[in-house]
Amino acid sequence: MKKLCLLILCFFSFIGRVNAIIKPTQDFYVNDYANLLSEETKDYIMKYSVSLESKTGAQIVVVTVPSLNGKSLEEYANEVFNS
């Protein structure tokens, strides 16, 4: 659970503006465009995110991007969510 909270924090720390809104990866729950996450961490996210959704319907998606490019965290996060 501690790792999951850390990953959520990473999501909010690294979301930012890129020239275009990123597209979801095939794994959906893990979108590591900044190449910050190990394979072990990605597997952990996938395992617990799939389980969480099947049990509760809730989804947690982790996104990392290499740059904020001047856009606010909130703006970019809303654009990713809406896309």
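Keep in mind it's a predicted model, so treat the numbers as computed, not measured. All heavy atoms count here, side chains included; hydrogens, waters and symmetry mates do not.
- If you take CD1 on Ile45 and OH on Tyr48, they are separated by 12.5 Å, rounding to the nearest 0.5 Å.
- When hydrophobic clusters are built by joining Ile, Leu, Val, Met, Phe, Trp and Tyr residues whose side-chain heavy atoms come closer than 4.5 Å, directly or via intermediates, Phe81 is not grouped with Val63.
- Scanning both residues, Ala34 and Pro66, for their nearest heavy atoms gives CB-N, 3.7 Å.
- Across Tyr33 and Val65, no two heavy atoms sit closer than the pair CB-CA, 4.4 Å.
- When the options Asp32, Asn31, Leu37 are evaluated for a side chain to side chain contact (heavy atoms under 4.5 Å, CB included) with Val62, the one that passes is Leu37.
- Under the side chain to side chain donor-acceptor pair (under 3.5 Å) criterion, Ser38 pairs with Thr41, not counting sequence neighbours.
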